[in-house]
Q: 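Attaching a single structure in structure tokens format; questions to follow.
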Amino acid sequence: MAYLELQGLEVSFDGFKAVNGLDLSIERGELRCLLGANGAGKSTTLDLICGRTQPTGGRILLDGRDITQDPEYRRSRLGVGRKFQVPSVFKELSIRENLEIARSRHPEPWRTLCVFPSRRPSPRVAEVVEIVGLEDALDTQAAHLSHGQTQWLEIAMLLVQDSALILMDEPTAGMTVQETGKTSAIFQRLRGRHTLIVVEHDMGFVREVAETITVLHQGRRLSEGPIQAIENDPKVREAYLGSGGISHA
Amino acid sequence: MDILLGQLFTGLSIGSVLLLVALGLAIIYGTMGVINLAHGEFVMLGAYATWFLQSTLGLTLLPCLLVVFLMVAAAGWAVERTIVRFLYRRPLDTILATWGIGIMLQQAVRLAAGADLRYVQTPDQLAGSIDLAGVAIPSYRLFILAFSAALLGLTWFVVQRTEFGMKLRAVTQNREMASCYGIDSARIFTLTFAFGSGLAGLAGALIAPIKSVAPDMGTNFVVDAFMVVVVGGVGSLFGTVASAGLIGGGTAGFAFLLNDTLAKALVFLGVVVLVRFRPQGLFAATGRR
Amino acid sequence: MTSLPDRHDRRAEPVPRPAIAWRVSMPRITSAAQFLPYILFCGAILAVPSFVSDPFLLNKFARYLALGLAAAALALSWGYCGILNLGQGVGFGLGAYAMAMHLKLKTSPVHTGSAGLPDFMVWNNLDHLPWFWQPFHSGLFALAAAVLLPALVAALLGWFMFRARIAGVYVAIITLAMLAVTNLVFVDQQAYTGGLNGITDLAWFEMGGVEFDPYSPAFYYLSAGSLAFFLMLGMVFTRSKAGLVLRAIRGGTDRVLFFGYDMASYQCLAFSLSAGMSGVAGMLYAMVLEFASPTFMGVPLSLSMVIWAAVGGRGSLLGATVGAILVNGTQGSLSEAFLNSWQLILGALFILVVVFLPNGLAGLVHNLGARLSGRLRGMAADRAPSALLNRR
Ligand SMILES: Nc1ncnc2c1ncn2[C@@H]1O[C@H](COP(=O)(O)OP(=O)(O)O)[C@@H](O)[C@H]1O
Ligand SMILES: [Mg+2]
């Protein structure tokens with residue numbers, strides 16, 4: 001059995017089925033890209049996996065365990081981490097504090113009550129902030145960061161959180177070419193040790209990192225396979241017709 | 001049968017007073033998202049204005065009403081312009097600031113009119129009672145009921161059928177968009193606040209003959225009225241009416257079975273449970289928040 | 001807890017990380033500076049009896065300190081965790097009544113003679129002490145109840161609210177309604193609570209051979225000691241990682257859930273800690289006034305606490321405490337004639353603070369301090385963070 005299994009997953013918002021009978025299985029250590037036009041249901045799929053949205057039908061199995069009914073925090077404790085499409089960090093807190101929150105191996109209140117965050121970052125945090133280039137801004141309030149920096153902070157938080165399954169929603173949106181390159185380097189390092197699901201529009205990026213690609217269309221799986229197969233799939237071409245083919249999605 | 005009818009009327013009567021007080025609060029909260037804890041003090045101002053007009057000019061209650069409405073609306077206008085407008089985007093802070101306004105109004109009245117209880121006379125025509133299917137019903141209570149219904153109709157007309165109402169609904173739904181179409185939302189808010197305060201003043205004037213008039217009379221009203229608004233749902237006039245009826249009926253019913261104090265406690269407890277399971281209220285019109 | 005599989009299996013294989021993931025280490029230098037005002041304040045209030053010997057003054061000060069504790073409790077839930085509890089009086093009142101019940105039982109033989117029943121029970125034709133009054137013969141039980149009962153009630157209410165993600169205005173509404181409910185029930189249950197009069201004519205608290213006459217230094221020390229203890233406890237709590245998580249929650253996002261923090265548990269924790277603190281405040285207040293009354297659970301007092309905390313600074317335990325002491329101290333020192341206009345001034349002050357000074361006096365002091373130290377540091381070269389921010 002695969003590490004993550006979505007079986008007939010379905011959610012409807014006031015009758016509109018944003019995800020409609022989706023089956024997906026992802027092996028441990030795999031890096032999977034989700035593609036699809038705007039509104040195809042990619043973000044909603046990630047929401048369903050991490051528990052932000054409750055499905056109206058179907059099941060989610062993580063490592064063989066049915067997590068469909070588990071609340072978000074319990075899924076996180078089981079190893080699901082999430083980066084949101086709109087970068088979501090704690091704006092009132094400093095970068096240091098944001099990362100401290102992300103370091104959440106023991107998230108129960110009775111444990112955190114006995115921890116007093118030290119000002120000296122742990123080696124892991126120090127390493128991560130250097131990777132994302134925020135090492136000089138540790139005491140800056142997150143609200144003062146630019147959009148790109150906020151993206152990096154959220155990525156750093158996910159690295160610190162160190163989840164087994166990482167869900168990334170458009171991680172390179174708003175990044176420069178160099179930054180996108182850096183992100184893909186990070187992903188190369190994560191692959192194998194973590195299972196990743198990445199929603200991405202940047203086809204260059206997708207070509208660089210993806211093994212298997214799943215294309216969603218109107219809440220269903222339209223096509224799945226390696227990049228060449230996807231690019232040559234007539235169904236995919238048809239679905240993207242009018243938006244000028246997949247590379248401009 | 002008589003008992004049942006009597007109870008029904010008691011419920012309606014309590015409900016109509018609640019509605020009277022809650023109407024202005026509902027409009028202000030529904031439009032501006034401002035929780036106006038000074039609302040009770042506007043009710044109190046209305047009652048004192050009535051007492052003042054009656055004791056100095058010898059006016060009877062009915063001619064007072066229009067004057068009182070205008071006076072209290074003017075007070076509301078001033079409060080909105082000087083304080084509330086700073087807090088449109090901070091709903092929690094409006095609770096606090098308007099509480100401060102309430103304290104000041106209370107104390108100002110206490111200084112000006114003294115802390116003694118004041119009494120307002122029921123108009124002679126309404127002093128008696130009417131026999132309805134064997135139950136004696138005080139005319140004045142009936143009058144309040146009718147007047148609440150009339151005010152409700154008026155409010156509905158203002159909101160649904162006038163240009164002001166149209167702008168008001170536009171601003172409620174989307175302030176930025178409304179501004180783009182040239183609607184001066186700040187002006188709409190000020191007028192709404194003044195209108196809501198005027199309604200509170202009317203409520204005070206009408207309640208004055210049946211309750212004693214004191215500087216701190218508003219505190220109780222505002223909590224009750226606020227619960228009515230919350231249960232009814234933001235931005236729903238119908239919801240406010242239904243919830244005033246529900247809470248009034250509930251209070252009367254429990255009071256009949258137990259006593260007034262416990263009845264109120266039970267109703268509040270009901271409100272707590274309701275807010276927990278349906279924070280948007282029973283009849284929320286829009287998905288605000 | 002359900003039997004969760006060991007999380008290590010589920011997580012990715014370890015990137016090298018420190019051997020102990022959670023380290024108990026006190027915050028360093030900057031935090032020491034943050035502790036300093038607290039230490040100074042606690043030292044100052046504990047030193048008062050060395051300079052003041054007038055019993056009435058001591059009594060008055062002890063009362064202010066009790067109210068200061070109530071304001072600090074509010075700041076803990078409101079300022080640090082974004083939970084605006086308009087029903088702070090519930091905890092305050094429960095604490096007050098718990099202590100009053102004990103102190104009443106100590107006097108009742110004197111007041112009622114035969115059955116040893118409190119006077120108001122006799123008037124209400126009770127012929128024996130209700131079962132839930134029995135344990136209050138013990139002072140230790142009363143002390144424990146004054147802290148734990150409010151905390152427990154708050155934990156239950158918190159669980160009820162926060163599990164459903166109730167937040168912001170709706171928390172204010174629910175707590176306000178609960179305050180009204182509690183008040184009405186206490187007024188209604190005359191035979192057990194003394195009704196509108198409350199529980200009056202209380203004895204002095206006695207523990208370990210010390211008698212806490214509310215006009216004595218001993219009582220003052222009890223008051224000041226409790227305040228100092230809870231200020232320090234609150235300070236440590238807010239500096240812990242749990243406090244950090246709560247500050248993250250305060251921002252209004254549910255993002256912490258996706259890091260595995262159970263938001264509702266954290267909110268419950270803060271909410272009930274705050275209630276426990278206000279329980280102690282209420283207990284001290286009942287001891288100092290020598291009665292407990294339903295007005296302790298009235299809307300006006302609870303909202304006044306909000307005023308004190310706002311004036312002093314909702315974001316600082318010490319600020320809120322000082323706010324309460326300042327407001328009450330000013331009010332207490334005014335002559336009767338001036339007291340009338342005082343309410344006007346207080347209302348105006350409150351409005352001004354809410355509108356223009358959301359962080360209260362503490363925020364003002366903090367800004368002044370920051371500006372001062374900024375000027376001192378201004379001579380030095382620009383710091384890296386701003387350079388980094390300008391780069392992009
Ligand atoms: N909470 C919601 N309520 C109603 N509709 C929603 C909600 N979330 C998403 N949708 C709708 O579901 C569809 C899929 O959205 P989404 O998953 O965000 O698409 P994308 O593939 O671009 O990430 C969209 O049409 C969106 O409008
Ligand atoms: Mg999306």
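Heavy-atom basis, side chains included; hydrogens, waters and symmetry copies ignored. To find a chain, count down the sequence lines: A is the first, B the second, and so on, and within it residues start at 1.
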Q: Relative to chain C, which segment of A:Ile101 carries a heavy atom at a distance below 4.5 Å: side chain, backbone, both, or neither?
A: both
Q: Side chain, backbone, both or neither: which part of A:Glu135 has a heavy atom under 4.5 Å from chain C?
A: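 For A:Glu135, neither part sits under 4.5 Å from chain C.
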Q: Report which part of A:Phe90 has an atom under 4.5 Å of a heavy atom belonging to chain C: side chain, backbone, both, or neither.
A: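 Side chain of A:Phe90 only, per the 4.5 Å heavy-atom cut-off to chain C.
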Q: Specify which of A:Leu93, A:Asn98, A:Thr195, A:Leu113 makes the most heavy-atom pairs with chain C at under 4.5 Å.
A: A:Leu113
Q: Answer with yes or no whether the side chains of A:Lys42 and A:Gln85 bring together a donor and an acceptor at under 3.5 Å.
A: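 There is no such pair between these side chains.
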Q: I need the residue from C:Leu257, C:Val256, C:Thr253, C:Val245 with the largest number of non-hydrogen atom pairs under 4.5 Å to chain A.
A: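 Option with the greatest count: C:Leu257.
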Q: Chain C heavy atoms under 4.5 Å from A:Glu92: which part of the residue, side chain, backbone, both or neither?
A: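 Interface part for A:Glu92: side chain.
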Q: side-chain hydrogen bond (donor to acceptor under 3.5 Å, both in side chains) with C:Arg165: which residues, sequence neighbours excluded?
A: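 Counting only residues at least two positions away or on another chain, C:Arg165 forms a side-chain hydrogen bond (donor to acceptor under 3.5 Å, both in side chains) with A:Glu72.
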Q: Taking 4.0 angstrom as the limit, do C:Asp262 and C:Arg163 come out as a salt bridge?
A: yes
Q: Which one, A:Gly29, A:Ala102, A:Gly51, A:Gly81, leads in non-hydrogen pairs under 4.5 Å with chain C?
A: A:Ala102
Q: Would you mind checking which part of C:Leu244 comes under 4.5 Å of any heavy atom in chain A, side chain (CB onward), backbone (N, CA, C, O), both or neither?
A: both
Q: Are any of the side-chain nitrogens in A:Arg59 or A:Glu5 under 4.0 Å away from the carboxylate oxygens of its partner?
A: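 Not counted as a salt bridge, because no side-chain N and carboxylate O are separated by less than 4.0 Å.
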Q: Is A:Arg75 in contact with chain C via its backbone, its side chain, both, or neither, using a 4.5 Å heavy-atom distance?
A: neither
Q: Distance only, no hydrogens: is a donor on one side chain within 3.5 Å (strictly under) of an acceptor on the other, for A:Thr172 and A:Glu200?
A: yes
Q: Is the C:Phe271 to C:Phe162 ring centre distance short of 6.0 Å?
A: yes
Q: So which atom in C:Ser316 and which in C:Ala362 form the shortest heavy-atom distance, rounded to 0.1 Å?
A: CB-CB, 3.9 Å
Q: Below 4.5 Å from any heavy atom of chain C, which atoms of A:Val80 appear? Answer side chain, backbone, both or neither.
A: backbone
